[in-house]
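In this text the structure is predicted, and so the values were computed from the model without any measurement.
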Amino acid sequence: MPAPRIKSPHLLVAESGADREGHGLKRTMGLFQLICFGVGAIVGTGIFVGLSDSVAQAGPAVVVSFVLAAITCVFTAFSFAELGGAIPVSGSSYSFAYAGLGESTAFLVGWCLLLEYGISISAVAVGWSQYVNELLHSLIGWQLPAVLSAGPGDGGIVNLPAVLVIAMASVLLVRGVRESARATAAMAAVKLAILLAFCAIGYSAFKHGNLTPFSPAGLGGIGAGTTAAFFSYIGFDAITTAGEEAKNPRRDIPVAIMVCMGIVTLLYCAVAVAAIGAIGGKQVAGRPAALSYVVNEVTGSTIGGGVIAFGAVVAIASVVLAVMYGQTRILMSMSRDGLIPRVFEKVSPKTSTPVAGTLIVALVFALPAAFASLDAVMNLCTIGTLAIMAVVNIAVMTLRRREPGLSRSFRVPLYPVGPLLGIAFCLYLMYETGWHTWVQFAIFLAVGLAVYAAYGRRHSTLARDAAAVTADAAEREPQAV
């Protein structure tokens, strides 16, 4: 069995120019911008739309579900922080897997990232469409007809708002990372203000009786709620994709990840308690645009719900922007390594952004947002994300052993317990997705392996360079004799 093709962390950093200016990208993001970028990538559909699904599973115990999902993410966030500081490149978990476990595993991680980010972007865009209609109803008493605001699987023809938000995000990303960072920071401030205002309204009508029974479905409901709540945290890893555009990535990326996880966890728990405490879990469960509904019920007016809907429109748009950014940078890294076509690594000298790759991503992800019902593949997205997180924890342990002298600006606390707990939590949540999802995931990975065998393995830059070195050595050997 041939040894895995492993790219050393030093080579990854050298090729990307991560300690200088990498591949035409400009270093414009400071710590504040990275934190805003992280909040922008995380806080959106998961709390504005997905809260009702988590409550439907766990009831008031959804707070426990949010904490368990956060713990799962925090242990892995420690690993991302260590690797993000040690290997500050755009490839994120793909590059970490390349350095720790080899090329084939890295390709499968990149393949799963396409699923994670692609489904996330499309699902978030669909959620944005729901709140656009809620906002229109609050402002002018009119909504877009279903034929123009939902796909065929949801009773419509095409979801135009979902396509629109992806198009707007792609325009901002093409213009430049500085403009995107400013827009993300502004939107992050708006969404945090709106959610804090929601908490103030919700707690003003808080009733302890609405929290009982606390866990109507028992531990099983909490577990299912944790799996549903996990989707609310997807996106924190996108911070590491800014490794080549951050001013001081080795210091700022680990700090930004930890700060974002703390902010988001506290915010999610506060919002969940406020919503359920105000009107009860049964009223929140399974309700579209749940936060607007809560405010309308508490205030007896649609004005407050309209404000929440506006906040949701801004918040969800920022998620689309941040996650699309992360996807284009990961594809750029994979293209640089020769595992996917070279078009994705081309950076415009005018805007210092991967224009062609961004437009391709926008087009590909707009199609499912416009026409597909994504409910059937949400668990597939979740299990793929959890698998990626488990690999990152394994990569930390592998590199600790193989590269003990690697410069690390942050180290996972309680090593090796931290990464092992991260793996254990990931496996538990993967188990909770059900065997049907496991079958889908196995098929998805098999297709990924086939793509790697057909294209990636044959076009690999690492393999080509190794072959060139071997050929050069063979030419020199007779001369030495």
Gap separating the OG atom of S335 from the CD1 atom of I330, nearest 0.5 angstrom: 13.5 Å
Is a donor on one side and an acceptor on the other found under 3.5 Å between the side chain of R458 and the backbone of A454? yes
Y117 and M324: side chain to side chain contact (heavy atoms under 4.5 Å, CB included), yes or no, with the steps? CA-CA 7 Å; Y117 283 14; M324 278 187 65; over 6 Å; no
Minimum heavy-atom separation for T461 to R342, with atom names? OG1-NH2, 3.0 Å
In terms of relative ring orientation, are W438 and F441 parallel, tilted or perpendicular, with 30° and 60° separating the classes? perpendicular
Would you confirm whether R250, through its side chain, and R408, through its main-chain N or O, come within 3.5 Å as a donor-acceptor pair? no
Just wondering, do C112 and L445 contact through their side chains at under 4.5 Å, heavy atoms? yes
Tell me, yes or no, whether the heavy-atom count around Y431 atom OH, taken from other residues, nucleotides or ligands under 6.0 Å, exceeds 12. no
Passes side chain to side chain contact (heavy atoms under 4.5 Å, CB included), Y452 versus E103? Steps please. CA-CA 10 Å; Y452 171 68; E103 185 177 274; 2.6 Å; yes
So, for A169 and V320, which heavy atoms are closest and what is the spacing to 0.1 Å? CB-CG1, 3.8 Å
Residue pair L114 / L331, side-chain heavy-atom distance below 4.5 Å: yes
Could you list the donor-acceptor pairs under 3.5 angstrom formed between side-chain atoms of residues 60-75 and any protein atom two or more places apart in sequence or on another chain?
unit_1: S65; atom_1: OG; unit_2: I222; atom_2: O; d: 3.0
unit_1: S65; atom_1: OG; unit_2: T226; atom_2: N; d: 3.4
unit_1: T72; atom_1: OG1; unit_2: L68; atom_2: O; d: 3.0

Side-chain (T265) to main-chain (G262) donor-acceptor, under 3.5 angstrom: no
Under a 4.5 Å cut-off applied to non-hydrogen side-chain atoms, are S333 and V89 in contact? no
Could I get the full list of side-chain contact (heavy atoms from CB on, under 4.5 Å) partners for L160, not counting sequence neighbours? L148, V158
Is P161 close to W128 at the side-chain level, that is, under 4.5 Å between some pair of heavy atoms? yes
Ignoring hydrogens, what is the shortest heavy-atom contact between Y98 and L339? Give both atom names and the distance. CE1-CD1, 4.4 Å
Okay, side chain of S460, backbone of G456: is any donor-acceptor separation there less than 3.5 Å? no
Using atom types as modelled and distance alone, determine if a side-chain donor or acceptor of W111 lies under 3.5 Å from a backbone N or O of V447. no
If you compare all heavy atoms of I6 against all heavy atoms of G102, which two are closest, and at what distance to 0.1 Å? CG1-CA, 3.7 Å
Heavy-atom closest pair (G100 atom, R402 atom, distance to 0.1 Å) is O-NH2, 3.1 Å
Taking T227 for its side chain and G223 for its backbone only, find out whether a donor-acceptor pair lies under 3.5 Å. yes
Using side chain to side chain contact (heavy atoms under 4.5 Å, CB included), reason through V55 and K282 one step at a time and then give a plain yes or no. CA-CA 8 Å; V55 173; K282 291 182 179 180; over 6 Å; no
Tell me, yes or no, whether the heavy-atom count around L219 atom CG, taken from other residues, nucleotides or ligands under 6.0 Å, exceeds 12. no
side-chain hydrogen bond (donor to acceptor under 3.5 Å, both in side chains) filter on D337, not counting sequence neighbours, yields K7, Y94
Any side-chain heavy atom of L83 sitting closer than 4.5 Å to one from T240? no
S348 side chain to T353 backbone, donor-acceptor under 3.5 Å: no
Below 4.0 angstrom, N of the basic side chain to O of the carboxylate: do E345 and R336 qualify? no
With heavy-atom distances below 4.5 Å as the criterion, would you say the side chains of V13 and H10 are in contact? no
Applying the side-chain contact (heavy atoms from CB on, under 4.5 Å) test to W435, which of T433, V439, T437 qualifies? V439
Can you check side chain to side chain contact (heavy atoms under 4.5 Å, CB included) on I423 and I394, steps first, answer last? CA-CA 8 Å; I423 294 169; I394 294 170; 3.6 Å; yes
Check whether any side-chain heavy atom of F80 lies under 4.5 Å from a side-chain heavy atom of F96, and answer yes or no. yes
Nearest heavy atoms of P249 and P88, plus distance in Å: CB-CB, 3.6 Å
For the side chain of K191 and the backbone of V43, is there at least one donor-acceptor N/O pair under 3.5 Å apart? yes
Below 6.0 angstrom between ring centroids: does that apply to Y268 and Y233? yes
